[in-house]
Peer 1: 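Provided herewith is a single structure, encoded as structure tokens, for subsequent inquiry.
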Amino acid sequence: MKILVATEKPFAPIAVTQIRELVEGSGNVLALLENYKSAPELLEAVADADALIVRSDLITPEVLDAAKKLKIVVRAGAGYDNIDISSCTDHKVVVMNTPGQNSNGVAELVFEMMLYQARSGFSGKSGTELRGKTIGLHAFGNVSKYVAEIARGFGMDVYSFDPFIGADVMRTAGVKVCTSKEELYSKCKYISLHLPLNDKTKKSIGYDLLKLLPHDGVLVNAARKEVIDEDGLLKIFAERNDIKYLSDGEPDSKAVFEAKYKERYIFTTKKMGAQTEEANINSGVAAAKQIVDYFATGNEKFRVNR
Ligand code: 3PG
């Protein structure tokens, strides 16, 4: 079977080497389309692929139409909002993700952004410390578990709100349970977002929640830019000059932040939470294993479009 790794944002070379060893070692063929710049390149490359490994690459109905032999696509990562799930189902293509495999990289980036901001961008100006501060984890999935562990190491007071996760799971991780979003946003200086992007969460973080943040509140977004209602975010920025926004990836209204709110934001130029050798190896190799196993035994454990 031909397994295509199609990554607009490439994996670290060491991860590709390990994916190759696994794919070729199991008698399959590996093809690479890394760093591609346009959709037509992807359409051409998928034509004879039996399986696809992608990251945030857009898998649209057009891609699926072009991929006549495709049987399975694995998102090497957690969020599969980049994949048109119902179109995959219509095309009889199995979709899987690799939950948890890149979570530590994302959690560390949360702290890298928080520390950089707390120390005034390493400018020499006096900053603040994390010890004793409150952090609220909005949703308690795999990334949140790592964030909680690191936060506790820094001596932070950790809270979370997640209606889908049992309170005992949070308490076992040393996390205090909030029973509403409003309680979380009112209590915590730092809010770290860990929601998946879907129809319910899109633009769900806006003015009404952000206005509850305590003085000097910091919103940290290593999830998806689309969960933010940017009009609401800009409204609270205009009203309160103590609020900060740290985001993995640039918001649509980046130009407004640059023009009006210098020193109150950090935006990575490209989404890079999972852009570490470790995360690339873990998620890339897991994706390859899941494909090889699916072809060998039909294992659908990580299937998301049942
Ligand atoms: C994920 O959903 O796994 C992360 O956002 C990582 O995305 P990436 O593979 O595009 O870096």
Side-chain angles (χ1 to χ4, degrees), residues 3-16 18-19 32-37 39 42 51-60 63 73-85 88 95-113 137-147 150 162 192-202 204-205 219-228 246-251 266-291 302-305:
I3 302 174
L4 173 69
V5 174
T7 47
E8 176 271 328
K9 181 175 59 186
F11 289 125
I14 187 175
V16 178
Q18 293 192 22
I19 293 168
L32 286 180
L33 175 72
E34 295 183 291
N35 229 338
Y36 63 91
K37 303 286 178 241
L42 179 60
L52 253 183
I53 296 176
V54 295
R55 297 183 64 180
S56 291
D57 307 83
L58 294 182
I59 302 305
T60 59
V63 173
V73 49
V74 180
R75 196 288 190 230
Y80 45 88
D81 45 283
N82 52 313
I83 297 175
D84 189 323
I85 296 291
C88 283
V95 184
M96 297 185 187
N97 67 348
T98 65
Q101 298 290 348
N102 58 16
S103 305
N104 183 64
V106 179
E108 288 192 14
L109 187 77
V110 167
F111 279 85
E112 285 150 6
M113 294 194 291
L137 312 175
H138 191 158
F140 197 73
N142 290 312
V143 178
S144 277
K145 285 179 191 139
Y146 284 107
V147 173
I150 301 168
D162 190 330
S192 190
L193 302 178
H194 300 290
L195 305 156
L197 173 63
N198 55 42
D199 290 344
K200 287 211 173 86
T201 61
K202 196 171 182 180
S204 63
I205 313 299
L219 179 66
V220 189
N221 184 6
R224 295 285 185 271
K225 68 174 180 182
E226 292 88 349
V227 300
I228 304 284
L246 318 180
S247 171
D248 185 15
E250 295 170 337
I266 297 172
F267 304 144
T268 61
T269 48
K270 213 169 187 141
K271 189 154 72 79
M272 54 174 285
Q275 197 61 331
T276 64
E277 285 186 354
E278 294 86 343
N280 292 170
I281 292 169
N282 291 344
S283 56
V285 170
K289 268 190 191 148
Q290 287 171 210
I291 290 170
F302 294 101
R303 182 168 183 172
V304 296
N305 67 333

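Everything quoted here is computed from the prediction, not taken from an experiment. Counting starts at 1 for both ligands and their atoms, in listed order.
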Peer 1: Sort out the contact shell of ligand 1: every protein residue with a heavy-atom distance below 4.0 Å, listed by chain and number.
Peer 2: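 Near ligand 1, by chain and number: K9, R55, S56, R75, G77, A78, G79, N102, R224, K271, A274.
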
Peer 1: Would you compute the distance between atom CD1 of I228 and atom CG of N221 and round it to the nearest 0.5 angstrom?
Peer 2: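 I228 CD1 to N221 CG: 4.5 Å, rounded to 0.5 Å.
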
Peer 1: For the residue pair R224 and K202, establish whether any side-chain heavy-atom pair is separated by less than 4.5 Å.
Peer 2: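 Not in contact.
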
Peer 1: Measure from the side-chain N and O atoms of T60 to the backbone N and O of V63, and report whether any donor-acceptor pair falls under 3.5 Å.
Peer 2: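 Checking the backbone N and O of V63 against the side chain of T60, a donor-acceptor pair under 3.5 Å is found.
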
Peer 1: Side chain to side chain donor-acceptor pair (under 3.5 Å) with Q275: which of K9, K270, R55?
Peer 2: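 In the set K9, K270, R55, the residue that makes a side chain to side chain donor-acceptor pair (under 3.5 Å) with Q275 is R55.
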
Peer 1: Please tell me if the side chains of H138 and V227 come closer than 4.5 Å, counting only heavy atoms from C-beta onward.
Peer 2: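 Side chain of H138 against side chain of V227, heavy atoms only: no contact under 4.5 Å found.
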
Peer 1: With heavy-atom distances below 4.5 Å as the criterion, would you say the side chains of I205 and L195 are in contact?
Peer 2: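 I205 reaches L195 side chain to side chain.
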
